[in-house]
Amino acid sequence: MSDKHSHQHGEQDGDGARGGFFTRRGLLGTGAGGLATAIVWGSGLRGAEKAAAAPVSAAALNHKDPHAFTGVVRRVALSTATTTSAVRILPLDRAKFQVGATFDLRVEATGVDPETTRIVIRVAGQDGPAPLLSPAPLRSSSAEDSVEVTYEGLTYPEAGTFTISAEVTSSAGQASTEVRHEVVLADADGKKAKNVIFFLGDGMGPAAITGARILSKGISEGKYHGLLEMDRMDHRGNVTTSGSDSIATDSANSMSAYMTGHKSAVNAMGVYPGNDPDPARSPRVETMAEVLKRSRGMSIGIVTTAEIQDATPAAVFAHTRRRSEYAAIMDQALTPEQMPDVYMGGGRASLLPQSQEGSRRTDDRDLVAEFKDKGFAYAGTRTELEAVMAAGTPEKLLGTFALGNLNVYIDREITPNPEVLGDFPDQPGLVEMTKAALKVLEQNDKGFFLMVEGASIDKSEHPLDGPRAVYDTIELDQAVGVAKEWAKDRGDTLIVVTADHNHAMSIAGTHSVPKDTADDEPARQANGVYADAGFPTYVDADGDGFPDDPNPDVQLFFGWSNHPDHPDDFTHNPVLVQPALEDPATERAVPNPERDPGSVVQIGNLPLEETNCVHTVEDVNIMASGPGSERFNAVLDNTEVFHAVCDGLGLRVPGYLLRSSGVAEMDVTAEAAEQSALVG
């Protein structure tokens, strides 16, 4: 065995060497077909550098939302000025549809002269002509050299493969392309679910689940003392998470894949991102909320610890190219076809009129009042939620319990800090909101779809806060337990638990709080790996599933596969502190001098403008129980999760018959449209 190899395993020869059984932890004393055609015209550790030596104060630095800068920053833009004509069809190649589900079809031509452009679109079915195209497409030019043709609200009327081709010619040149779409009919055989409860742990990778199991159930001599609720589901598989534009996803397009069955791009949901800069004008695909309300009259519930307009809850019903369009998302939530029947979390700032303190809106609309006018009971605190439910189960329920995101479990329940909770000390937890949601939704004899998100797993991982992420994972798991208990004697409910993407967090061992060590001993020396790790010393004296103290003598050693330069003493922070901040003079990230002052700065591996850790590309777990759950015992593309839910429900979407106005050819100019004879 080479010296390098033996050192990696903690085995050395010579005086004072430690073997695999002789641990530093002990030394520290801490313990243990046909065609239908349309023609349209027209680097490691930085020595002994200390965080306290940062050249600027925290007050002079900027906090950056880790989700606000997720678009292309440094990569060369994909659509650059060119004299070459190109054509693109949306939905993309290999897109998969349920029979009867609606979608917008768009053909985009770029590098063309809009006044001389001619676009020929053909739809090929398996059994003869497929007059899919609506007779009145929308024609637009989002740039000087582009033309877009959009057919809104189309459906595929039968299962099979459809090919759409497009040819573009103009005085600037010509181009052509083709896509193939798969259309399926949900499985109607066997026992089917009436209800679906869909749990989403945002950023809940395997490390978060393992950490939650260690802290909540305990482990000794290598064996866990119990398993999580999500561990004990009937079936388990993996999900791949990449989007249409990148292998690395964000929560908007990854959750959108679950809720539509279609790929999208970073920052987008419920749409195929088009070339129109208006975030509301990309071609849409039908969401889970829309298709279930339209096809079955099911109720829709959304529960989250984030703002209710955030990416994951919004993707259940909303359409936008830009996830930050909170006001527009709230407007969509009031549209009957999209409206949730239960809608709870944070985000009150986007409902208040601009004249009210804390409002994010730029108009005078009071959306709390508008929801009440539509029959919603309203709760703004935990106490009010209890009172609403005690007064008799409402038909619809809206709850906004903070201006922004709800506080994480540690800060709400373990070590509540008035300075952290601010004006919102009376927030309900995920378990309470899930119980209330089920009580409201079970009144619909046609069934319901409930999405429950543990949002701050991700929101804690971005700033490298492992303990807060793990406690929120435990909270989500306890909400899973509530759903399993509610469903156990019914036999009609599919429960799914998954994450939208992975994160950088890992668990490498334990960290032992040093006793009487030299001031210049780096904190990393108290990180135990292999035999040095032993077991953590978290204690759950009251048996509620949460350790009483997140900062015991021996705690988990959290590692991070990506991060900015940041100070780290590897122990729990009583208050969440950002790892790095933006220097406005350089727009580069610098270590936050207020995080673990005096600790050695860990050198990052991210681009220099990144102040938080970022999502990773690895698969995530998916667990399911109930009717249709066997469909999840596989490796699934994230878009397949939507179709698996449809199979679990035996969903048959009412499709439109081929329209009598459907056409095979159509000439469209900028001034007028003229319909030709129907073919086939």
Handout entry: Sidechain N-carboxylate O distance under 4.0 Å for R365, E370
Key = yes
Exercise for the section: Please state whether the rings of F371 and F376 are parallel, tilted or perpendicular, taking 30° and 60° as the class boundaries. Expected result: perpendicular
Practice task
Quick one: list whatever passes ring-ring contact (aromatic ring centres under 6.0 Å, His included) with F642, sequence neighbours left out.
Solution key: none
Practice task
Check whether any side-chain N or O of D245 sits under 3.5 Å from a backbone N or O of V266 as a donor-acceptor pair, and report yes or no.
Solution key: yes
Exercise for the section: Please tell me if the side chains of L385 and M344 come closer than 4.5 Å, counting only heavy atoms from C-beta onward. Expected result: yes
Problem - pair L105-I89: side-chain heavy atoms closer than 4.5 Å - result: yes
Fill in the blank from the handout: The reported gap from CG in N238 to CZ in F632 (rounded to nearest 0.5 angstrom) is 14.0 Å
Exercise for the section: Kindly say whether the aromatic ring centers of F103 and Y272 come within a distance under 6.0 Å. Expected result: no
Exercise for the section: Flag yes if more than 12 heavy atoms outside R94 fall under 6.0 Å of its CZ atom; otherwise flag no. Expected result: no
Exercise for the section: Assess whether atom NZ of K194 is packed by more than 12 heavy atoms of other residues, nucleotides or ligands within 6.0 Å. Expected result: yes
Problem - H319 and Q332: CA distance, side-chain angles, deciding distance, side chain to side chain donor-acceptor pair (under 3.5 Å) verdict - result: CA-CA 8 Å; H319 307 271; Q332 291 185 45; 5.1 Å; no
Problem - Ionic contact status for K484 with E229, cut-off 4.0 Å - result: yes
Handout entry: E432 bridged to R382 by N-O distance under 4.0 Å
Key = yes
Exercise for the section: Evaluate the ring planes of F97 and H181, with Trp represented by its six-membered ring, and classify them as parallel (under 30°), tilted (30 to 60°) or perpendicular (over 60°). Expected result: tilted
Handout entry: Cationic N near anionic O, under 4.0 Å, D637 to K263
Key = yes
Exercise for the section: Indicate yes or no: does R631 engage D647 in a salt bridge with an N to O separation below 4.0 Å. Expected result: yes
Handout entry: D458/H615 under side chain to side chain donor-acceptor pair (under 3.5 Å): CA gap, chis, key distance, verdict
Key = CA-CA 9 Å; D458 169 90; H615 306 166; 3.0 Å; yes
Practice task
With E307 as reference, evaluate R360, R348, R323, K459 under the salt bridge (Lys or Arg N to Asp or Glu O under 4.0 Å) test and give the passing residue.
Solution key: R360
Practice task
Check the pair Q427 / N407 against side chain to side chain donor-acceptor pair (under 3.5 Å), numbers first and verdict last.
Solution key: CA-CA 8 Å; Q427 303 172 30; N407 291 98; 2.6 Å; yes
Exercise for the section: List for me each residue that meets side-chain contact (heavy atoms from CB on, under 4.5 Å) alongside K446, sequence neighbours excluded, and say none if there are none. Expected result: N444
Problem - Qualifying residues under salt bridge (Lys or Arg N to Asp or Glu O under 4.0 Å), relative to K488, sequence neighbours excluded - result: E485
Problem - Heavy-atom neighbours of K96 NZ exceed 12 at 6.0 Å - result: yes
Handout entry: T400 (side chain) donor-acceptor with G347 (main chain) under 3.5 angstrom
Key = no
Handout entry: Salt-bridge present (R361, D331; N to O < 4.0 Å)
Key = yes
Problem - Pair F198 + Y258: ring centers closer than 6.0 Å - result: yes
